[in-house]
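The shown structure was predicted, so the numbers you read here are calculated from the model rather than taken from an experiment. In the text below, chain A, chain B and the rest are named by the order of the sequence lines, each starting its count at 1. FYI, side chains are in, hydrogens and waters are out, and symmetry mates aren't considered; it's all heavy atoms of this structure.
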Amino acid sequence: MIEKNYQPADIETRMSRLWEDAGAFRAGRPERRDAKPFTIVIPPPNVTGSLHMGHALNNTLQDILCRFERMRGRDVLWQPGTDHAGIATQMVVERQLTERQEHRRQIGRAKFLERVWQWKAESGGVIVNQLKRLGASCDWSRERFTMDEGLSRALIKVFVALHRDGLIYKDKRLVNWDPKLLTAISDLEVQQVEVKGSLWYLRYPLEGKTFNPEDSSTFIVVATTRPETMLGDTAVAVHPDDERYAALVGKHVILPLVGRKIPIVADEYSDPEKGSGAVKVTPAHDFNDFEIGRRHNLPQISVLDQEGCLALAGNEDYLRGLPEGSAQLVEEFDRVERFAARKRIVARLEDFGFVERIEPNTHAVPHGDRSGAVIEPYLTDQWYVDAKTLAQPAISAVRSGATAFVPKNWEKTYFEWMENIQPWCISRQLWWGHQIPAWYGPDGKVFVAETEEEAVGNALGYYAEQEVITQEQGREMALDPAKRADFIKRDEDVLDTWFSSALWPFSTLGWPDDDTDVKRYYPTDVLVTGWDIIFFWVARMMMMGLHFMKEAPFSIVYIHRLVRDEKGAKMSKSKGNVIDPLGVIDDYGADALRFALARGAAHSHDIKLSSQLVETNRNFATKLWNACRFAEMNGCAMPPEFDPARAKETLNRWIAHETSRATREVTEAIEAYRFNDAANAIYRFVWNVYCDWYLELAKPVLMGEDGAPKTETRAMVAWARDEILKLLHPFMPFITEELWAVTSKRDGLLALAPWSRKADPLTPEQLALMATASPNDALLPPVLSALDTADFSDSAAEAEIGWVVDLVTAIRSVRAEMNIPPATLTPLVLAGASAETRERAQRWNDVIRRMARLGDISFAASAPEGAVQLLVRGEVAALPLKGVIDLSAEKARLDKEIAKADADIKRVDAKLGNEKFVANAPEEIVEEEKEKREAAVARKAKILEALERLKNAA
RNA sequence: GGGCGCGUAGCUCAGCGGGAGAGCACCUCGUUGACAUCGAGGGGGUCACAGGUUCGAUCCCUGUCGCGCCCA
């Protein structure tokens, strides 16, 4: 029995349990051992995360694909899991510590990690449960975490292998340093933010001249946005072609306040159009200056510490070669925070007349995407991946089509980035993450190995050989970690979280320990993600997958757009416009949310979501619910031997025809990743075809006398309903599974039911195809069956029911226009009807009368006088409404119709009159135009007759 | 500065070479045998603008304007 009201919350809870208990989403089900696998790896959400609309969209689309392919008979593996999210998670736990007046450095690394794991155990399951509420059909028994033992082993193996091949190396260069989080971050984690600041024009005195602010020949003016870094300047650069400064190149300036003598160099980086045309060069604190420094062999003087404070005292690089008097400056500015230092240094410079002017200036300032702090280019030792080398196969794979982006234009973005890729900084000065498998000896020599034993063994062997230690000392240290603690130290840093995510498509499958699943499920079929992580994740999975598996990790990358609020603004906590998917699910159900997202998932637009939109889709679910109730109340059930293709009743053949069409549309749209088209096709079919017409037209039969027509119609109502449930299941899994269960006794779950139903026995050709298809071929029986159904068509049924629909629509339309109250039953006269029309009218008498609010239907040679005359499929349907209707209004209506017909004729004539059109256009187009003209002319003639009769009536 | 995308009904968007579409909103009518979370009907658009290609352009090309995003 179907409940009276649709209650999503109740249904969704029960269906989740049903799927769980049945193990419906398990990959490798025994009965599908011979089926072709279909694999998707989930973009692992952060363990710290909770479900937001982006997740909801991303996972809805993946689920549609997985459920679709599962129904098509594939052995689906949707691999779930979560990401340890180094920085984000560490921040969460640190915040908790702060609340308790603690700090990670106080409690130490081991204790801190214990706390993080504890936190993960308590809260890490939140997002997984939220994904389940959305209906995600992942194989939850295979859930993975990027810091699982197996995944960690994969990571170490990868690191060691890449290091051995020289693709991972340590380097001292400028990194993006986050002074708040105290770690390096990669280029991608830096956001450029336009900031209103200033451009300071500073006078740098020329060596050998007495500085005089009034005399421009005694100094050179440099423009800078960061005056505080001037303490670390080691040159001034001008453009080689800049004539203003040509004479000064090779000369020196005396750095104000500091007193250091630094050269003026010619470098093309300086832009003569910008600022003064001369720039100060601070190789240790600016990426461009670093490059200038390299080109001119300049010293690198770092004047900041990790926290972004000036570090001058004891700074050998800084102090080297400075005059006596500079000690005072050290005292004044040492340990001053960078932005305070900026103000104070500018003030000092002004005291001495070194500041020429200050201009307002808007420029891009790098910020950390996690901390929001202004990023400091900072000179440190870090680990890097040689991304340029790894990128080459990843570029080729997309060029060759082995991996394709959908929509295709994202490939351009991918190429742009991959072809200009920079070394990837992978070390992070954090505690939460995979600690780098590198150990250092006392002289800083690095030993990289998969295990500590191996690394220590190598190191001790090396130092013994170098006679740094004796063989005996080596043996002791090898046996006792305490004894070697001061001699060999492990690298404290951890790896970028994205380094482990890059391995996700194969590390989750058991690589390197067990390759059974790798063989079966790798490479995966589709990756579904947002464009914002193409670089972070997709590109890196491509690199790692190709390098280690020798095959691209997926053949399709489907890129979807963002979910925005109803006004198109990005959802953000600070704006307060965040729509919480769980709240929406509570209010309208997961199915409604999923359907709203799927219907909006067009290729080239972000999705604008409002709760009203979700409500609309909940209403659709209710509509379906009630349609199924109607079927039930009318005893609609499908006998097992029922074959829709053998139906006798025209109406039933018509709905079989329409169902086939819908099946084809939905299938093709999903195959093309046009989720919105697929969802809209099924929406329209359910509401505007099945409910609005089929069930309405079937009512008289269902409520009439028992007999063959009624029996067949009951079966067909049930058959089409089942087809709908199947077509809709990938989009609205909960309600369809529930309705599937309560509408009939079923062999199994809808989630595992075949995608379509066999309409006809397979043809010999199809049977032959099946026999020769390899077990791994995508075209397994369910797909062939779907093609069968999709191919069912019946143009005779279409013509007949189409006529009924047109007639009813035309009558309704004119009644509304003429303000005829529904209670008024008007007679209908079919004028000059063909034998076929007469038969149809008799067959559909009840239905037409009910739906069009008619009295009786009769036939006549011509329309009665003063009747409203409608043209339906070339024949006149008349409503004798003399006295009821306004004759002049009716004349106006017909005049309008004539005008329309005339316009059509004129347009077609213009075309057909054009010799070039007739000569150049394809034959069928010309033929079509001729038919259109004939139709319009015929229409016009009929309306003219109608007008004539109207005149007679007047 | 380089790149990508988008300007179609009041709103959100489909369509992307041969007669302008959907959903929502709006207006009118409706206690008609599943559904008022509903039904029926209706109005509303020089498809941003200007050139070009074509027998034919909302659709392809070029340019302009406007909006958004990415990279530097």
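- Base engagement by A:C691 is indicated by at least one non-hydrogen atom pair under 4.0 Å involving a base atom.
- Only the C1' atoms considered, B:G3 is 33 Å distant from B:G21, to the nearest whole Å.
- Using a 4.0 Å heavy-atom criterion, one finds that A:S610 contacts no nucleic acid atom at all.
- Counting to the nearest Å, the P atom of B:A14 and the CD1 atom of A:I682 are 21 Å from each other.
- For the P atoms, the distance from B:U28 to B:G68 is 38 Å, rounded to whole Å.
- Using modelled atom types, one finds a donor on one side chain and an acceptor on the other under 3.5 Å when comparing A:E189 with A:S186.
- Comparing the same atom, C1', in B:G39 and in B:G33 gives a spacing of 14 Å after rounding to whole Å.
- Among the heavy atoms of the strands, none lies under 4.0 Å from A:Q191.
- When distances run from any side-chain atom of A:N914 to the nucleotides B:C55, B:G39, B:G5, the shortest one goes to B:C55.
- One P atom belongs to B:A25, the other to B:A50, and the distance between them is 35 Å to the nearest Å.
- Under the 4.0 Å criterion applied to side-chain N and carboxylate O atoms, A:D904 and A:R907 are assigned as salt-bridge partners.
- With B:G3, B:A14, B:C24 as the candidates, the nucleotide lying closest to the side chain of A:K412 is B:G3.
- Of the candidates B:A22, B:A34, B:A72, the closest approach to any side-chain atom of A:R684 belongs to B:A22.
- Distances shorter than 4.0 Å separate none of the side-chain N or O atoms of A:T809 from OP1 or OP2 on B:A40.
- Note on A:R629: only backbone sugar-phosphate atoms sit closer than 4.0 angstrom, heavy atoms only; bases stay farther off.
- Look at CE on A:M418: it is 17 Å from C1' on B:G3, rounded to the nearest Å.
- Residue A:D677 contributes atom CG, which lies 9 Å from atom P of B:C16 at whole-angstrom precision.
- Taking 4.0 angstrom as the limit, A:K699 places a side-chain polar atom (N or O) nearer than this to OP1 or OP2 of B:A34.
- Among the heavy atoms of the strands lying under 4.0 Å from A:E929 are primed sugar atoms or P, OP1, OP2 only; no base atom is included.
- Toward the 5' end of RNA chain B, the nearer of the two residues A:I925 and A:T616, judged by each one's closest nucleotide, is A:I925.
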Using Watson-Crick and G-U wobble pairs whose two distances are both under 3.5 Å, how do you write the pairing of RNA chain B as dot-bracket, with | for links to another strand? ((((((((.[[[[.)..(..]]]].(((((.......))))).....[[[[[..)....]]]]]))))))).
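- Contact annotation for A:N680: no contact, since no heavy-atom pair falls under 4.0 Å across all strands.
- Nucleic acid contact for A:K608: sugar-phosphate only, since backbone atoms but no base atoms lie under 4.0 Å from a heavy atom of the residue.
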Let's go through A:T713 and A:N652 carefully: what are the C-alpha distance in whole Å and the side-chain angles of both, what is the deciding distance for side chain to side chain donor-acceptor pair (under 3.5 Å) to 0.1 Å, and is it a yes or a no? CA-CA 6 Å; A:T713 301; A:N652 291 335; 3.2 Å; yes
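- Rounded to an integer number of Å, the gap from A:L609 CG to B:C13 P is 12 Å.
- Nearest nucleotide to the A:P822 side chain, out of B:C38, B:G41, B:C29: B:C29.
- To the nearest 0.5 Å, atom CD1 of residue A:I559 and atom NZ of residue A:K408 are 13.0 Å apart.
- Applying the 3.5 Å distance criterion, the base of B:G33 shares a donor-acceptor pair with the side chain of A:R850.
- Counting heavy atoms from C-beta on, the side chains of A:T736 and A:F731 never come closer than 4.5 Å.
- Here A:T413 lies out of heavy-atom contact (under 4.0 Å) with every strand.
- Picking from B:A40, B:C55, B:G30 the nucleotide with the shortest atom distance to the side chain of A:F917 gives B:C55.
- Side-chain contact check for A:R684 and A:N680: no donor-acceptor pair (N or O, by modelled atom type) lies under 3.5 Å.
- Rounded to whole angstrom, the span from the CH2 atom of A:W417 across to the C1' atom of B:A72 amounts to 15 Å.
- Considering only the side chain of A:K911, B:G19 comes nearest among B:G39, B:G19, B:A34.
- Closest to the side chain of A:N920, out of B:U37, B:A72, B:C55, is B:C55.
- Note on A:Q612: only backbone sugar-phosphate atoms sit closer than 4.0 angstrom, heavy atoms only; bases stay farther off.
- With hydrogens and angles left out, the side chain of A:E696 and the base of B:A40 share no donor-acceptor pair within 3.5 Å.
- Side-chain contact between A:K699 and A:D846: absent, with no pair of heavy atoms (C-beta onward) separated by less than 4.5 Å.
- Between the P atom of B:C24 and the CZ atom of A:F620 lies a distance of 12 Å, rounded to the nearest Å.
- Counting any heavy atom pair closer than 4.0 Å across all strands shown, A:P922 reaches a base atom.
- Aromatic rings of A:W687 and A:Y683 (six-membered ring for Trp) have centroids within the 6.0 Å cut-off, being under it.
- Put simply, CD on A:Q192 is 15 Å from C1' on B:C69, counting in whole angstrom units.
- When each of B:G41, B:U37, B:C70 is scored by its nearest atom to the side-chain atoms of A:F535, the top-ranked nucleotide is B:C70.
- When the C1' atom is used for both B:U37 and B:G42, the distance is 23 Å, rounded to whole Å.
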Does A:W410 form a ring-ring contact (aromatic ring centres under 6.0 Å, His included) with A:F405? I'd like the steps, not just the answer. CA-CA 6 Å; A:W410 290 109; A:F405 281 72; 8.2 Å; no
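- On a pure distance criterion of 3.5 Å, no polar donor-acceptor pair joins the side chain of A:K4 and the base of B:A34.
- Using a 4.0 Å heavy-atom distance criterion, A:W531 is classed as a sugar-phosphate-only contact.
- Look at the C1' atom in both B:A40 and B:U53: the space between them is 47 Å, to the nearest Å.
- For A:Y683, counting side-chain heavy atoms from C-beta on, the closest listed nucleotide (B:C24, B:G18, B:U32) is B:C24.
- Applying the side-chain hydrogen bond (donor to acceptor under 3.5 Å, both in side chains) test between A:R599 and each of A:T616, A:N617, A:N676 identifies A:N617 as the sole match.
- A:N634 comes within 4.0 angstrom of nothing in the nucleic acid, heavy atoms only.
- Of the candidates B:U37, B:C55, B:A34, B:C55 carries the atom nearest the A:A921 side chain, counting heavy atoms from C-beta on.
- Taking a 6.0 Å sphere around CD of A:E3, one finds it holds 12 or fewer heavy atoms contributed by other residues, nucleotides or ligands.
- A:E419 places its CD atom 13 Å from the P atom of B:C4, with the value rounded to the nearest Å.
- Nucleic acid contact class of A:R907 (heavy atoms, under 4.0 Å, all strands): base.
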